[in-house]
2 protein chains.
Amino acid sequence: MRLITVLYLFAIVVCVRCDYVYITKYIQVPVDHFSFAKNETFKLKYLVNDTYWQNSGPIFFYTGNEGAIETFAQNTGFIWEIAPIFHAYIVFAEHRYYGDSIPYGNTSDPTHLGYLTSSQALADFAYLIADLQKSLKHNNQGARSPVIAFGGSYGGMLAAWMRLKYPGSVQGALASSAPIFQFPGLTKCSKFNEILVSVFRSSYNDSCVRNIKKTWKEIRDTTATSDGKIKLSSTLKLCNNLTSTEDVTRLTDWLNDVYSNLAMVNYPYPANFLASLPAYPVREFCSRMGKSGKPVLDLLSDALSLYTNYTGQIKCININSSTNDFGEYLWNYQACTEMIMPMCTKDNIMYEASPWDFDKYVDSCYKTYGIRISRDDLAILEYGGKDALYTNVIFTNGLLDPWSGGGFLKSASSAYAMLLPNSAHHLDLRASNPADPDSVVTARQRIQDIISHWVRGL
Amino acid sequence: MRLITVLYLFAIVVCVRCDYVYITKYIQVPVDHFSFAKNETFKLKYLVNDTYWQNSGPIFFYTGNEGAIETFAQNTGFIWEIAPIFHAYIVFAEHRYYGDSIPYGNTSDPTHLGYLTSSQALADFAYLIADLQKSLKHNNQGARSPVIAFGGSYGGMLAAWMRLKYPGSVQGALASSAPIFQFPGLTKCSKFNEILVSVFRSSYNDSCVRNIKKTWKEIRDTTATSDGKIKLSSTLKLCNNLTSTEDVTRLTDWLNDVYSNLAMVNYPYPANFLASLPAYPVREFCSRMGKSGKPVLDLLSDALSLYTNYTGQIKCININSSTNDFGEYLWNYQACTEMIMPMCTKDNIMYEASPWDFDKYVDSCYKTYGIRISRDDLAILEYGGKDALYTNVIFTNGLLDPWSGGGFLKSASSAYAMLLPNSAHHLDLRASNPADPDSVVTARQRIQDIISHWVRGL
């Protein structure tokens, strides 16, 4: 932890949805919380809403993940829905380096990027919570407000770790779809892919996955020649023609991302989280991909347009741009340093075999970021892996979510594991919807009961 | 956490006492565990003994404090005594920057000193534990060994914080005389002094403390002139004559340290921890200081020789050297940055009033270290103060120890508070002695029972 008094810089009122109104604030935090060698600070953004707050009501604190914090405020309806019941003060805190909370601007200098770590982000949150506690106490002369952390995906990991590392700052946490065990030696590298395949199979008949499987060889064969590369680029409506082997690898990587994202946001109603998509997008994708009588690459082209162009606004596919807007470059830096989550596929009905190759991974990271790590277990060292002791944390995992394989799946004492059949990636954190599966409706009620217990027990 | 594979550099066998035999080892650890901006490493020293260890026996891990680790190995007989019972593997790990574990050599450069923080030290310990687990597992093909952290004083704080921050690395901790609440707003700044005075009073009659009280004014009056300064220097047998007001302040600060140290090591048998001293050194000191019929400064001179020259080897008193050999400069750096423990005295039977002045403190720190902190609650931010949730930690506090006022004194769930009447600063961690008070004998047995429970329960 480091010096520097707190400074509110300015505040802007933003209305994203009529119900989701917040004030944007900034707090000056140290770039480095864990040494005194550096004296620099930067502005961390956070959003607040005190509409429902009553004296000594809890603080609902969203631990922001890899993206602009507004996205998470818009896609975490659950907090907005239960805040009035708890008379809660709502905070969405941005993760350092993402959105507008950037210490050194858009630089790729390794000595500048180096402070993008989960430990520093957690310390930012603890710093902000301490400041909020002071200001709330001052304004209302009441008891300290208990703090409940909320987060989904990497943000869910941060919520759980916040409770683990700062139990004095945070009295409980809801970690939704948080793959805290997706690290080397804790979960099989093929697990993610196995779940993904089973989601695609169960969403439609096997013709979909069988056709996807065929595409891998078709792509390889077609792109063996320059003409073939141009032809495939045209078939798939790529903005830029494939011209090299690297381009082809980029295409197959991108396709993998598309399938992962489709499974993650396989929500039972139309949504716009990673992309604008209809309800049950995996089923919709497969209903196109699973047709017969047409070349599989034509089917793929048609099916992809669901993902890339559901709104009908896009002219061509740019596989070089991120498949989502979550600061891919920065997240990949984290994935290249402490957040190493090995992924591999065995030969199966939808995929060809692709082993996990740490050395190759490290080489690729070095090329991009100029940093070469020598061990893959830093997150386990810092957060204890399966030996860690979680108290007052609710872990929800949708069983349609490929990330659920790396989740906390077995309750132990006050660490609750809730498994949600028919639910995708942190669906429970989203606003309630008539199409929600029963498991999510029930879980949301149980989560409220547990939070009530935490809040009352303080 | 940071990269860099583990490297045993070399090992030397040292025999300090016939029973306390260990091998000295080194592990290469990152200077900065919490960023990727820096790629440097240094050698951290640790001592091991595997004489008593049997497969899957626990690791007893001493979290080293502010000094060379050998001192703690020599003064923590309790670990050596119970290790055979538990078939434990013994480790004493040195704290970064002390002893031989120095990242940048003896430099006062703030950018080099800046990585001397408790968080980095804890991360060093987690790093070493992970490495030990790997090597032990490999050698014996058994289950992972549970780790029990031990520490006294600041080392006790680290043991408790190790369990707090790395519950996956450490399954339980004994924090002896650990003033984890000696931070701003958690404990009155006068508390330490109040306990100290009561120890001096209860060790002898009031004439001792009354005479000490008189010395403060006598010193001030005598040193008002140059001749007086020389005269007092001669009376107290100082190596260097007092020549300035700063020198006089240095003398009174040093006297305060002597009284604190006497109270801390007020053991019931002769010992050599902070200084070579007889049994019950406060009583012995007071038996000289409490006499009548002589000027109080002469009494002081005679009484001080007990502390400074019990072995009869010392010709004069050097108030500029540390009163102990614990790397005072480095510890004061920690005390100037995150370990800010406000101290003050009210006017009482032994002391004149002296308030806590944070601004003055910060100025003095700036003069010495070129670093000016702006907030005094960094340790509270990082470790949660009284809101922190401790599990599986035993806190022992001797009620004769001035630091006990800032200790964890009330049991809660699996955080055990043991109060030890008639015990001084971490007496319970020392080797057993026929003169030990009953409270310490009983506590040691209870600690063993609890550790058994932790170890068996894993």
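Sequence lines set the chain letters: A, B, ... in the order given, protein chains first and strands last, and positions in each chain run from 1.
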Original post:
Excluding sequence neighbours, so at least two apart, what forms side-chain hydrogen bond (donor to acceptor under 3.5 Å, both in side chains) with Gln120(B)?
Top reply: Asp32(B)
**OP:** Using non-hydrogen atoms and a 4.5 Å limit, figure out which bit of Tyr333(B) sits close to chain A: side chain, backbone, both or neither.
**Re:** side chain
**OP:** Tell me, for Asp376(B) versus chain A, whether the close heavy atoms (under 4.5 Å) come from the side chain, the backbone, both or neither.
**Re:** neither
Original post:
Do you know which of Ala388(B), Gly114(B), Gly385(B) has the most heavy-atom pairs with chain A at a distance under 4.5 angstrom?
Top reply: Gly114(B)
Original post:
Between Pro167(B), Gly384(B), Ala130(B), which residue shows the highest count of heavy-atom pairs closer than 4.5 Å to chain A?
Top reply: Pro167(B)
With heavy-atom distances below 4.5 Å as the criterion, would you say the side chains of [X] and [Y] are in contact?
{"X": "Tyr127(B)", "Y": "Glu382(A)", "answer": "no"}
{"X": "Lys38(A)", "Y": "Thr111(B)", "answer": "no"}
{"X": "Gln133(A)", "Y": "Asp387(B)", "answer": "no"}
{"X": "Leu164(B)", "Y": "Lys165(A)", "answer": "no"}
{"X": "Asn39(A)", "Y": "Arg372(B)", "answer": "no"}

Could you look at [X] and say if it's the side chain, the backbone, both or neither that has a heavy atom under 4.5 Å from chain B?
{"X": "Tyr390(A)", "value": "neither"}
{"X": "Asp109(A)", "value": "neither"}
{"X": "Ser118(A)", "value": "neither"}

What distance separates [X] [atom1] from [Y] [atom2], expressed to the nearest 0.5 Å?
{"X": "Leu116(A)", "Y": "Ser35(B)", "atom1": "CG", "atom2": "OG", "result": "10.5 Å"}
{"X": "Leu389(A)", "Y": "Arg163(B)", "atom1": "CG", "atom2": "CZ", "result": "5.5 Å"}
{"X": "Ile373(B)", "Y": "Phe36(A)", "atom1": "CD1", "atom2": "CZ", "result": "7.0 Å"}

**OP:** Return yes when atom OH of Tyr366(A) has more than 12 non-hydrogen atoms of other residues, nucleotides or ligands closer than 6.0 Å, and no otherwise.
**Re:** no
Original post:
Could you walk me through whether Asp377(B) and Lys134(A) pass the side-chain contact (heavy atoms from CB on, under 4.5 Å) check?
Top reply: CA-CA 12 Å; Asp377(B) 64 348; Lys134(A) 263 183 215 161; 3.6 Å; yes
